[in-house]
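Throughout, numbering of the chain's residues begins at 1 and tracks the sequence. Computed from heavy atoms alone, side chains included, the values below leave out hydrogens, waters and symmetry copies. As the structure lists them, so they are numbered: ligands from 1, and atoms in each ligand from 1.
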Amino acid sequence: MSTAVDQSKRSLLRGKRSAVSFPVRPPWSQTEPQFIDLCSRCGDCLPNCETGILVKGDGGFPTVDFSRGECTFCQHCVSACKTGALSASITPPWQLKAQINPLCLTHQQVVCRSCADQCETRAIRFTPVSGEVAKPLITADLCTGCGACFDVCPTRAIQLTNTTSQGDSLHAGI
Ligand code: SF4
Ligand code: SF4
Ligand code: SF4
């Protein structure tokens, strides 16, 4: 690896340590420092993603853009990665969980179930409250972080948040 590339990777990590939000890496990624060290930025995972959600982010490293679609966990990105930056031995594939913020239309008493309609695992349920529009609740254990609910929300009320011990907030697709 060249000195120039080393310097570029060090700069990226320095920037990330002082930032509060991290880009969403592909599923089955190593921890962020390991990922930055191992990823050669070859871009081979991008065209192999069956839903086209992998894009080049800062420094040329792959990131996930959920405004383009959801992750189907097809694992084609992992198969394409020859450096070990992505590894099928990592379980679960990532720690992302969906969260819903007060921009949700139901907080303005507007009926909307667009997110739940997209959720295959039925992680989003609506509990009726007397005299109010039912609000969505996410069961974290059922959420795979697939991102299918992200782009259908008309008010961008859904965030995908990393639930690792660092608690880093991953704002996807924006
Ligand atoms: S698992 Fe499949 S759908 Fe998900 S990011 Fe990788 S290639 Fe794309
Ligand atoms: S295939 Fe692997 S090494 Fe190449 S850009 Fe994707 S994650 Fe990085
Ligand atoms: S990220 Fe996927 S599994 Fe989680 S609530 Fe949204 S649609 Fe359901």
Side-chain angles (χ1 to χ4, degrees), residues 1 5 8-9 12-13 22-101 103-104 106 112-127 135-163 169-174:
M1 185 182 298
V5 170
S8 157
K9 290 189 172 188
L12 201 77
L13 280 173
F22 287 67
V24 180
R25 297 300 178 201
W28 293 280
S29 285
Q30 304 285 353
T31 63
E32 183 71 8
Q34 289 173 313
F35 177 83
I36 295 299
D37 192 42
L38 290 169
C39 177
S40 64
R41 294 176 274 189
C42 65
D44 289 351
C45 49
L46 273 59
N48 280 284
C49 175
E50 67 175 20
T51 52
I53 61 173
L54 299 183
V55 298
K56 282 215 177 217
D58 283 356
F61 293 94
T63 64
V64 174
D65 181 354
F66 284 123
S67 69
R68 298 163 68 97
E70 69 191 270
C71 178
T72 59
F73 303 102
C74 67
Q75 232 175 53
H76 294 171
C77 51
V78 183
S79 301
C81 182
K82 301 295 183 287
T83 67
L86 311 181
S87 170
S89 65
I90 294 167
T91 55
W94 54 26
Q95 303 290 338
L96 293 181
K97 301 287 179 186
Q99 291 185 332
I100 299 176
N101 68 37
L103 290 174
C104 173
T106 64
C112 177
R113 300 200 173 193
S114 298
C115 54
D117 290 344
Q118 297 299 316
C119 183
E120 280 189 9
T121 64
R122 300 178 62 80
I124 305 176
R125 301 295 185 100
F126 286 79
T127 310
K135 293 183 177 58
L137 283 174
I138 295 180
T139 304
D141 287 349
L142 294 177
C143 177
T144 63
C146 70
C149 54
F150 178 82
D151 196 48
V152 294
C153 175
T155 57
R156 281 283 194 261
I158 300 202
Q159 293 172 311
L160 284 127
T161 300
N162 194 350
T163 54
S169 188
L170 303 172
H171 299 286
I174 29 182

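A side-chain donor-acceptor contact under 3.5 Å links Thr155 to the backbone of Leu103.
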Assess whether side chain to side chain contact (heavy atoms under 4.5 Å, CB included) is satisfied between Val24 and Leu96, documenting all intermediate values.
CA-CA 9 Å; Val24 180; Leu96 293 181; 3.5 Å; yes
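Per-residue contacts place Cys119 under 4.0 angstrom from the following atoms of ligand 3 (heavy atoms of the residue considered): 3 (S), 5 (S), 7 (S), 8 (Fe). Atoms of ligand 1 lying under 4.0 Å from any heavy atom of Phe73, numbered from 1 in the order shown and given with element: 1 (S), 4 (Fe). Heavy-atom proximity to Thr51, at under 4.0 Å, picks out these atoms of ligand 1: 3 (S). Annotation for ligand 3: atoms under 4.0 Å from non-hydrogen atoms of Gly145 are 1 (S), 4 (Fe). Below 4.0 Å from some heavy atom of Trp28 lie the following atoms of ligand 1, by number and element: 1 (S). Atom numbering of ligand 2 starts at 1 in the shown order; those under 4.0 Å from a heavy atom of Ser40 are 3 (S). Against a heavy-atom cut-off of under 4.0 Å, Ile124 is close to the following atoms of ligand 3: 5 (S). Within ligand 2, counting atoms from 1 as listed, the ones closer than 4.0 Å to a heavy atom of Gly43 are 4 (Fe), 5 (S). If you number the atoms of ligand 3 from 1 as listed, the ones under 4.0 Å from a heavy atom of Thr144 come out as 3 (S), 4 (Fe). The atoms of ligand 1 that sit less than 4.0 Å from any heavy atom of Gln75 are 1 (S), 2 (Fe).
Looking from atom 2 (Fe) of ligand 3 to the surrounding protein, the closest heavy atom is Cys146 SG, 2.3 Å. Looking only at heavy atoms of the protein, atom 8 (Fe) of ligand 1 is closest to Cys49 SG, 2.3 Å. Given atom 1 (S) of ligand 3, the protein heavy atom at minimum distance is Gly147 N, 3.3 Å. Among protein heavy atoms, the minimum distance from atom 4 (Fe) of ligand 3 is reached at Cys143 SG, 2.4 Å. The nearest heavy-atom contact from the protein to atom 6 (Fe) of ligand 2 is Cys45 SG, 2.4 Å.
Of all non-hydrogen atoms in Gly43 and Pro47, the two that sit nearest each other are O-CD, 3.1 Å. Closest approach of Gln99 to Thr161, counting heavy atoms only: OE1-OG1, 3.3 Å. Annotation for Leu54 and Cys77: closest pair CD1-CB, 3.8 Å, computed over non-hydrogen atoms. Of all non-hydrogen atoms in Arg122 and Leu142, the two that sit nearest each other are O-CD1, 3.7 Å. The nearest pair of heavy atoms linking Pro62 to Pro26 is O-CD, 3.7 Å. Nearest heavy-atom pair, Ala98 versus Ile138, reported as atom, atom and distance to 0.1 Å: O-CD1, 3.3 Å.
With respect to Asp151 and Arg68, no salt bridge is recorded, no charged nitrogen being found less than 4.0 Å from a carboxylate O.
Inclusion of Cys74 in the first shell of atom 2 (Fe) of ligand 1 is supported: an N, O or S atom falls under 2.8 Å. Atom 4 (Fe) of ligand 2 has an N, O or S atom of Cys42 inside 2.8 Å of it.
Here the options are Ser114, Cys115, Cys143, Cys119, the test is side-chain contact (heavy atoms from CB on, under 4.5 Å), and the partner is Cys149; only Cys115 passes.
Heavy-atom proximity to atom 3 (S) of ligand 1, evaluated over Thr72, Ile53, Val24, is greatest for Thr72.
If you look at Thr121 next to ligand 3, the close heavy atoms, those under 4.0 Å, all belong to the side chain. Under 4.0 Å from ligand 3, not a single heavy atom of Ile158 appears.
Ligand 1 has Pro27 within reach: a non-hydrogen atom of the residue lies less than 4.0 Å from it.
Between Phe35 and Phe61, the two ring planes are tilted [angle within 30° to 60°]. Trp94 and Phe66 have perpendicular rings, their planes meeting at more than 60° on a 0 to 90° scale where under 30° would count as parallel.
For Glu50, the CD atom sits in a packed shell: over 12 heavy atoms of surrounding residues, nucleotides or ligands are nearer than 6.0 Å.
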